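First, the structure itself, so that you have it in front of you.
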Amino acid sequence: METCAEQVQVKLLGGRSSPFMLRVRIALALKGIHYEHIKQTMNHTSELLLKSNPVHKKIPVLIHNCKPVCESTIIVQYINETWDTRAPFIMPKDPYDRTIALWSAFIDDKLLPCIQAVFSGQGEQYQKAAEEMVANFLIPEEALRTNLYFSRKEYFRGDGIGFVDIALGGLLAFLKSLEKGTDSVLIGAEKMPLLSAWMDRFCEADGVKEVMPDPVKLLEFICATRVKFAFLPAANYRKSFGH
């Protein structure tokens, strides 16, 4: 058996369809960090994952020097601080700018549940979830328009991709495929021109486009899973997301 010192320094446990996994992959790509990807699926959870995240048993998990780090936003912050000599600097150094980065909490507490509800919803339930989702996405659109919190630059806090961009950007591939799978426009240029333009810019950025999941495979996953989870409790489909 290989010792800890002989193992790959950085490992990432998760599946490519997870928006939370994508957050971490984007951060690793931007920092230029090489890692071993250990695939996890809904039907196969490895002993390593159960050992590394025994409480939640969810992806993603980053293992660095044999030490596990769980939850996507915590992992992204860990990557930024551990490799703090490598650009880009994901977390801002200015104290006020760091408070703006806490918009990630709004993304996870407000936007993500809406996406999950649209993902699992059928009929009137889907329509209600879609309307709530659009209403919540209009909040960052308004913040961008008024320039109250975010600078009028390429990304949320400047010319480079930062923490808020990654927190929201990790959801984009899933969101775009969800729109196709439900034949709907949830984030459109007509209602949300600033957010829509940011989405296009983010997805084409170096370090992001290279790790985006295959849209065809992701669409297949979403369509198949929506059919499957239509008959399951909400707790079951949330396992497909991770955290």
Side-chain angles (χ1 to χ4, degrees), residues 12-26 37 39-46 49 53 56-61 71-73 104 106-141 166-192 195-196 199-200 202-203 208-209 211-243:
L12 181 59
L13 281 61
R16 293 186 182 276
S17 61
S18 166
F20 296 98
M21 177 76 165
L22 185 54
R23 286 175 173 174
V24 180
R25 295 187 69 217
I26 290 170
H37 174 214
K39 186 178 180 180
Q40 309 288 307
T41 67
M42 293 169 58
N43 298 321
H44 174 70
T45 302
S46 69
L49 175 62
N53 192 358
H56 298 293
K57 303 179 177 64
K58 291 181 179 180
I59 59 170
V61 174
E71 299 192 24
S72 60
T73 54
S104 61
F106 172 81
I107 293 167
D108 282 356
D109 294 344
K110 293 293 185 180
L111 301 185
L112 181 61
C114 294
I115 296 174
Q116 290 176 323
V118 170
F119 176 51
S120 63
Q122 305 289 332
E124 291 183 4
Q125 183 186 24
Y126 165 83
Q127 188 61 38
K128 181 179 178 181
E131 290 173 359
E132 183 178 356
M133 177 179 160
V134 170
N136 278 313
F137 266 95
L138 283 170
I139 295 174
E141 171 71 22
I166 293 174
L168 183 54
L171 310 178
L172 295 184
F174 193 94
L175 180 57
K176 286 186 174 184
S177 293
L178 183 58
E179 285 182 319
K180 291 182 179 179
T182 56
D183 193 25
S184 59
V185 177
L186 300 169
I187 309 299
E190 184 176 345
K191 285 187 176 181
M192 305 178 203
L195 197 58
S196 181
M199 289 171 60
D200 294 339
F202 180 85
C203 291
V208 175
K209 60 184 178 182
V211 298
M212 281 290 185
D214 184 325
V216 175
K217 292 182 179 179
L218 186 54
L219 179 59
E220 291 175 353
F221 166 81
I222 286 176
C223 291
T225 308
R226 288 192 80 237
V227 171
K228 178 180 178 181
F229 287 162
F231 305 99
L232 296 177
N236 291 69
Y237 68 74
R238 290 196 181 110
K239 291 181 180 178
S240 67
F241 275 74
H243 63 145

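Note that the structure is predicted; figures quoted are calculated from it, not measured.
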query = Can you name the nearest heavy-atom pair linking Glu141 to Lys191, along with the distance?
reply = CG-O, 4.2 Å
query = Does Cys203 reach the side chain of Met212, with side-chain heavy atoms less than 4.5 Å apart?
reply = yes
inquiry  = Just so I know, are the side chains of Leu178 and Arg226 near enough to count as touching, which here means a heavy-atom distance under 4.5 Å?
reply    = yes
query = Shortest non-hydrogen contact from Ala117 to Ala129?
reply = CB-CB, 3.6 Å
message = Less than 4.5 Å apart, side chain to side chain, heavy atoms only: is that true for Cys114 and Phe137?
response = no
query = Looking at residues at least two apart in the chain, or sitting in another chain, which of them share a side chain to side chain contact (heavy atoms under 4.5 Å, CB included) with Ser104?
reply = Phe163, Ala167
query = How many angstroms lie between NZ in Lys58 and OG in Ser72, if you round to the nearest 0.5 Å?
reply = 11.0 Å
message = Once salt bridge (charged side-chain N to carboxylate O under 4.0 Å, His left out) is applied, what residue pairs with a partner in residues 117-136 remain, sequence neighbours excluded?
response = none
ask   = Of all residues at least two apart in sequence or in a different chain, which pass the salt bridge (Lys or Arg N to Asp or Glu O under 4.0 Å) check with Arg23?
value = Asp108
From Met133 atom CE to Leu138 atom CG, the distance as rounded to the nearest 0.5 Å = 10.5 Å
Gap separating the NZ atom of Lys57 from the OG1 atom of Thr45, nearest 0.5 angstrom = 10.0 Å
request  = Might you work through the side chain to side chain contact (heavy atoms under 4.5 Å, CB included) test for Glu71 and Asn53, ending with a clear yes or no?
outcome  = CA-CA 9 Å; Glu71 299 192 24; Asn53 192 358; over 6 Å; no
query = So, for Ala173 and Leu218, which heavy atoms are closest and what is the spacing to 0.1 Å?
reply = O-CD2, 3.3 Å
remark   = In terms of heavy-atom contacts, Leu22 and Gly169 come closest through CD2-O, 4.4 Å
task = For Ser18 and Ile59, work out which heavy atoms get closest and say how close.
result = CB-CD1, 3.8 Å
Crowding at NZ, Lys176 (>12 non-hydrogen neighbours, <6.0 Å) = yes
note = Looking only at heavy atoms, the pair that brings Pro60 and Leu12 closest together is CB-CD1, 4.2 Å
remark   = Distance col, row Ile115:CD1 vs Leu171:CG, nearest 0.5 angstrom, shows 4.5 Å
ask   = Going from CZ on Arg16 to NZ on Lys39, what distance comes out if it is rounded to the nearest 0.5 angstrom?
value = 8.0 Å
key: Residue pair Leu168 / Met199, side-chain heavy-atom distance below 4.5 Å   = no
inquiry  = Taking Gly14's backbone N and O only, do any of them form a donor-acceptor pair with His37's side chain (distance below 3.5 Å, no angle check)?
reply    = yes
inquiry  = Are the side chains of Glu179 and Ile187 in contact, using a 4.5 Å heavy-atom criterion?
reply    = yes
request  = State, with a plain yes or no, whether a side-chain heavy atom of Phe106 is found less than 4.5 Å away from one of Pro140.
outcome  = yes
query = Is the Phe221 ring parallel, tilted or perpendicular to the Phe174 ring (thresholds 30°, 60°)?
reply = perpendicular
key: Heavy-atom side-chain proximity of Val185 to Glu190 below 4.5 angstrom   = no
ask   = How long is the span from the OG atom in Ser177 to the CZ atom in Phe119, to the nearest 0.5 Å?
value = 11.0 Å
key: NZ (Lys180) with more than 12 external heavy atoms under 6.0 Å   = no
